[in-house]
Amino acid sequence: MRVVIAEDAVLLREGVQRLLADDGITTVAAVDNGDHLVAAVETHRPDLALVDVRMPPTFTDEGLRAALRARELVPGLPVLVLSQYVEETYAVELLSAGAGGVGYLLKERVADVAEFLDAIHRVSSGGTAIDPDVIAQLMARGRRDPLASLTPRESEVLGLMAQGMTNSAIAVRLVVSHGAVEKHIGNIFAKLGLETSDTEHRRVRAVLTYLGR
């Protein structure tokens, strides 16, 4: 089996490569961003793409977007997504993008080597491998406050956004860096399933969600 890995955390990326090598699986490319993932898939035509959801530059949904683009270039490309959290919207989008050859695991599952390798072989063969925690949250989807997944700090940032504050003003109020505020806002957009759009303003939609809960 030939695999492309897209993961920006060096230690995890190298650790996964070693696990795969021990199982006789060849890593044909190991990259740290979405654009390089697409290029690697187009060049190597692997049997599986192992992809992190959040990668540079915004750490929101670059990995998933790249995986979906890669599947357009190589129809039926098996994709196994690794995520630190249950990203419900992204899980649904990936799982609805094809009939098979898809998986979504939390990164903590990598620690169970046998389970992780089983998922890789299952997905590469056209099957599915969905983390139990993802299934549980998808089953509860629609029955919760849409803001329930936000951390206390993310909720605080969204509340200040609703007051009309700019990112700079929020940074001053919370005594954090401008970059930290941007990261929190990126997480808010991701958790609320707000994608980049030419016709809608994500910041406005996030505030409307906050005000209408």
Side-chain angles (χ1 to χ4, degrees), residues 3-20 27-46 48-74 77-94 97 102-110 116 120 131 134 149-151 153-154 157-158 161 166-168 170-171 174 176-198 200-203 205-206:
V3 174
V4 167
I5 300 174
E7 166 62 58
D8 65 291
V10 176
L11 291 179
L12 179 58
R13 187 171 67 239
E14 293 185 351
V16 168
Q17 283 184 253
R18 292 185 181 182
L19 286 179
L20 299 184
T27 300
V28 295
V31 301
D32 63 0
N33 65 73
D35 290 339
H36 289 172
L37 166 64
V38 174
V41 165
E42 192 170 18
T43 298
H44 298 286
R45 304 275 166 158
L48 174 79
L50 189 61
V51 185
D52 182 17
V53 171
R54 299 184 179 188
M55 291 194 292
T58 67
F59 295 96
T60 53
D61 62 353
E62 287 84 359
L64 183 66
R65 298 281 139 239
L68 294 174
R69 290 202 307 273
R71 290 196 105 187
E72 292 176 357
L73 292 172
V74 182
L77 170 72
V79 174
L80 177 58
V81 167
L82 294 178
S83 179
Q84 191 160 357
Y85 310 100
V86 179
E87 313 271 7
E88 293 180 20
T89 300
Y90 300 150
V92 170
E93 184 166 357
L94 177 68
V102 294
Y104 193 110
L105 296 181
L106 295 182
K107 288 184 177 181
E108 62 192 48
R109 304 298 177 192
V110 177
F116 177 55
I120 286 178
D131 195 290
V134 174
S149 62
L150 300 185
T151 65
R153 178 47 65 95
E154 289 164 358
V157 169
L158 182 53
M161 288 166 59
T166 64
N167 289 7
S168 297
I170 293 173
L174 300 180
V176 297
S177 69
H178 191 274
V181 172
E182 290 183 339
K183 184 174 181 180
H184 287 313
I185 293 176
N187 290 342
I188 291 168
F189 291 159
K191 290 180 179 180
L192 296 183
L194 301 178
E195 302 175 8
T196 302
S197 170
D198 293 331
E200 296 182 293
H201 197 300
R202 290 192 295 174
R203 195 180 187 94
R205 291 175 61 195

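Along the sequence shown, residues are numbered consecutively beginning with 1.
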Distance, nearest 0.5 Å, that separates [atom1] of [X] from [atom2] of [Y]:
{"X": "E154", "Y": "K183", "atom1": "CD", "atom2": "NZ", "result": "10.0 Å"}
{"X": "I188", "Y": "L194", "atom1": "CD1", "atom2": "CG", "result": "10.0 Å"}
{"X": "K191", "Y": "L158", "atom1": "NZ", "atom2": "CG", "result": "11.5 Å"}
{"X": "D32", "Y": "L37", "atom1": "CG", "atom2": "CG", "result": "11.0 Å"}
{"X": "N167", "Y": "H178", "atom1": "CG", "atom2": "NE2", "result": "4.5 Å"}
{"X": "I5", "Y": "R13", "atom1": "CD1", "atom2": "CZ", "result": "8.5 Å"}

**Message:** Between N33 and D8, does the side chain to side chain contact (heavy atoms under 4.5 Å, CB included) criterion hold? Intermediate values first, please.
**Reply:** CA-CA 7 Å; N33 65 73; D8 65 291; over 6 Å; no

Any heavy-atom pair between the side chains of [Y] and [X] that's under 4.5 Å?
{"X": "M161", "Y": "R203", "value": "yes"}
{"X": "V102", "Y": "R71", "value": "yes"}
{"X": "S177", "Y": "E182", "value": "no"}
{"X": "R153", "Y": "V176", "value": "yes"}
{"X": "I185", "Y": "R202", "value": "no"}

**Message:** Could you go through E7 and V16, starting from their C-alpha distance and side-chain angles, then the distance that decides it, and tell me whether this counts as side chain to side chain contact (heavy atoms under 4.5 Å, CB included)?
**Reply:** CA-CA 10 Å; E7 166 62 58; V16 168; over 6 Å; no

**Message:** Heavy-atom count check: over 12 atoms from other residues, nucleotides or ligands less than 6.0 Å from H36 NE2?
**Reply:** no

**Message:** Quick check on side-chain contact (heavy atoms from CB on, under 4.5 Å): which of L64, D35, V41 does R69 satisfy it with?
**Reply:** D35

**Asked** In a check of side-chain contact (heavy atoms from CB on, under 4.5 Å) between L105 and each of L82, I120, V81, L50, which one passes?
**Response** L82

**side chain to side chain contact (heavy atoms under 4.5 Å, CB included) assessment of L19 paired with V110** = CA-CA 9 Å; L19 286 179; V110 177; 3.9 Å; yes

**Request:** Considering only NZ, NE, NH1 and NH2 on the basic side and carboxylate oxygens on the acidic side, decide whether K107 and D52 come within less than 4.0 Å.
**Result:** yes

